[in-house]
Amino acid sequence: MAGHTVTTTHGTDECRRLLRTLRGETTWPPPVWLMRQAGRFLPEFRALRAKADFMTRCMTPDMATEITLQPVRRFAMDGAILFSDILVLPWAMGQSLEFIEKRGPVLTPIRSEADLTRLDPQRVAERTEPVMETLRRLRKALKEPVGAAAAETVTLIGFAGAPFTVGCYMVEGGGSKEFAQTRLMAYRDPALFDRLMATLTESTAQMLSAQVDAGAQAIMLFDSWSGLLPPNEFRRHVIAPTRQIVTYLKNRHPNVPVIGFPRLAGVMAPEYARETGVDAMALDTGSSLAIVAEQVRPDLVLQGNLDPISVLAGGEPMRREALAIRDSMRGRAHVFNLGHGVLPETPTEHVGDLVNTIRTIG
Ligand SMILES: Cc1c2[nH]c(c1CCC(=O)O)Cc1[nH]c(c(CCC(=O)O)c1C)Cc1[nH]c(c(CCC(=O)O)c1C)Cc1[nH]c(c(C)c1CCC(=O)O)C2
């Protein structure tokens, strides 16, 4: 807030409603941002997309900064999530990665000790330097008004994939419904799989700490495929690595909130919340915020969880569902979001309507 002297220990964080909520304050109406808001549903993103391939966009600070700011400019989102990808980490370790139209990411699969040994975690800091430059530029840009968003009101969110989910793509060599090769490796060669998890855990923690040093004010860990694991495997490959990453971050950046997203964790979600040390837990569409709220500590921040399909539908059904979620969390620290990413075909007016609906109280 230019011209104001704010004398709290967090500087001007007063005006950042998302950051305050993630630190446990109850705000009303809740702050709102959307997973995958920096992406294909925006025509201004699709225009840039024609100019460079996906990794070039991620690794060119000019482009990544612009794409991150696009949804903020239009909708004054409370959060700006860095434009990057969870697969930047394996790429930075030297695994080949290509994004193919209509197919998604394609990587050379990691299936053996030799494949794993070829990765070079030492390169990550240097190869992700453009991402850190993007964060520095974003923090600077958000000190000024950005379109519809006033200066210093938007929280900058850094992120990574959690080790299990990133491991899924690395072992499988791309997307999959079941990630059977990955889960097979975990059973057949636990020493090898544990080594992969340990490498990812350490590199992810260091990369996220570097994101905070570069300006990220909150961190989100995406564990999109955690729900594929039975309870014991979930404890070993989801809860344990997440706890290590959170501990590492909390030692260095005690005031930076961490949001965990154990997608489709179902009945394991309360244990994840209790054991990992995350400040906030994002829930997928199939979970009930109200039921989970009763199963976790009262100061755990909950994020979510509107069905992305309802935003594609728009209109009254979307508004009704959105308000039901918002109102069910009244009196609790809640961040309004979707249960998974916004779909590429979603009309921008539906997103505008959604954000206004959440912000209208009366
Ligand atoms: C599993 C996963 C990935 N990436 C991500 C996840 C976890 C969340 C989830 O479950 O959706 C996370 C991600 N990917 C992207 C972001 C940027 C910030 C944002 O949320 O807007 C974030 C946070 C950009 C992206 N990542 C990708 C795009 C599309 C690239 C393009 O075609 O231009 C974007 C904008 C590509 C990507 N990246 C990934 C896949 C499977 C694909 C192809 C399919 C798809 O597009 O959803 C891996």
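Atoms within each ligand, like the ligands themselves, are counted from 1 in listed order.
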* Asked: How far apart are the C-alpha atoms of Arg118 and Asp115, what are their side-chain angles, what is the distance that settles it, and do they pass the salt bridge (Lys or Arg N to Asp or Glu O under 4.0 Å) test?
  -> CA-CA 5 Å; Arg118 269 193 293 276; Asp115 294 338; 2.5 Å; yes
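- The atoms of ligand 1 that sit less than 4.0 Å from any heavy atom of Ser84 are 14 (N), 15 (C), 16 (C), 17 (C), 24 (C).
- Of all atoms in ligand 1, listed by their number and element, those nearer than 4.0 Å to a heavy atom of Ile81 are 18 (C), 19 (C), 20 (O), 21 (O), 23 (C).
- Summarising the contacts of atom 18 (C) of ligand 1 with Leu82, Leu343, Thr68, the nearest heavy atom is found in Leu82.
- In terms of N/O distances under 3.5 Å, ligand 1 is approached by Arg40.
- Summary of contacts: the protein heavy atom closest to atom 1 (C) of ligand 1 is Tyr169 OH, 3.2 Å.
- Proximity of His340 to ligand 1, defined as any heavy-atom pair under 4.0 Å, is confined to the side chain (atoms from C-beta onward).
- Note on Glu66 versus Arg73: salt bridge recorded, some NZ/NE/NH1/NH2 to OD/OE distance being below 4.0 Å.
- For Thr60 (side chain) and Met63 (main-chain N/O), no donor-acceptor pair under 3.5 Å exists by modelled atom type.
- For Phe234 and Phe164, the ring centers are positioned 6.0 Å apart or more.
- The ligand atoms of ligand 1 that sit less than 4.0 angstrom from a heavy atom of Arg57 are 33 (O).
- The Ser224 neighbourhood of ligand 1 comprises atoms 1 (C), 7 (C), 8 (C), 9 (C), 10 (O), with distances under 4.0 Å to a heavy atom of that residue.
- Counting only distance, with no hydrogens or angles, the side chain of Thr65 and the backbone of Asp62 share no donor-acceptor pair below 3.5 Å.
- Protein heavy atom closest to atom 12 (C) of ligand 1, with residue, atom name and distance, is Ile86 CG2, 3.7 Å.
- Short contacts between ligand 1 and Phe83, defined as distances under 4.0 Å to a heavy atom of the residue, involve ligand atoms 35 (C).
- Using a cutoff of 4.0 Å between basic side-chain nitrogens and carboxylate oxygens, Arg252 and Asp213 are not scored as salt-bridged.
- Under a 4.0 Å criterion applied to the non-hydrogen atoms of Gln37, ligand 1 contributes the atoms 21 (O).
- For atom 6 (C) of ligand 1, the nearest protein heavy atom is under 4.0 Å away.
- The nearest protein atom to atom 21 (O) of ligand 1, hydrogens excluded, is given as Ala38 N, 2.8 Å; this is a heavy-atom distance.
- Counting heavy atoms closer than 4.0 Å to ligand 1, residue Arg49 contributes side-chain atoms (C-beta onward) but none from N, CA, C or O.
- Across Phe45, Phe54, Trp225, Phe159, heavy-atom proximity to atom 23 (C) of ligand 1 is greatest for Phe159.
- The residue Glu101 has no part lying near ligand 1, judged by heavy-atom distances below 4.0 Å.
- Using a 4.0 Å cut-off between charged side-chain N and carboxylate O, Arg319 and Glu316 make a salt bridge.
- Looking from atom 26 (N) of ligand 1 to the surrounding protein, the closest heavy atom is Asp85 OD1, 2.7 Å.
- Ring geometry, Phe193 versus His237: the interplanar angle exceeds 60°, so the pair is classed perpendicular (tilted spans 30 to 60°).
- Under the side chain to side chain contact (heavy atoms under 4.5 Å, CB included) rule, Arg332 has a single partner from Thr26, Thr21, Leu302, which is Leu302.
- Taking 4.5 Å as the limit, every side-chain heavy atom of Phe159 sits out of range of all side-chain heavy atoms of Met35.
- By the 4.0 Å N-to-carboxylate-O rule, Arg136 lies close enough to Glu133 to be salt-bridged with it.
- The protein heavy-atom contact nearest to atom 37 (C) of ligand 1 is Phe99 CE2, 3.4 Å.
- For ligand 1, the atoms closer than 4.0 angstrom to any heavy atom of Pro105 are 40 (C), 41 (C), 42 (C), 43 (C).
- What sits closest to atom 13 (C) of ligand 1 on the protein, heavy atoms only, is Arg36 NE, 3.4 Å.
- Hydrophobic clustering (ILVMFWY, side-chain heavy atoms < 4.5 Å, transitive): Leu107 and Val124 are in one cluster.
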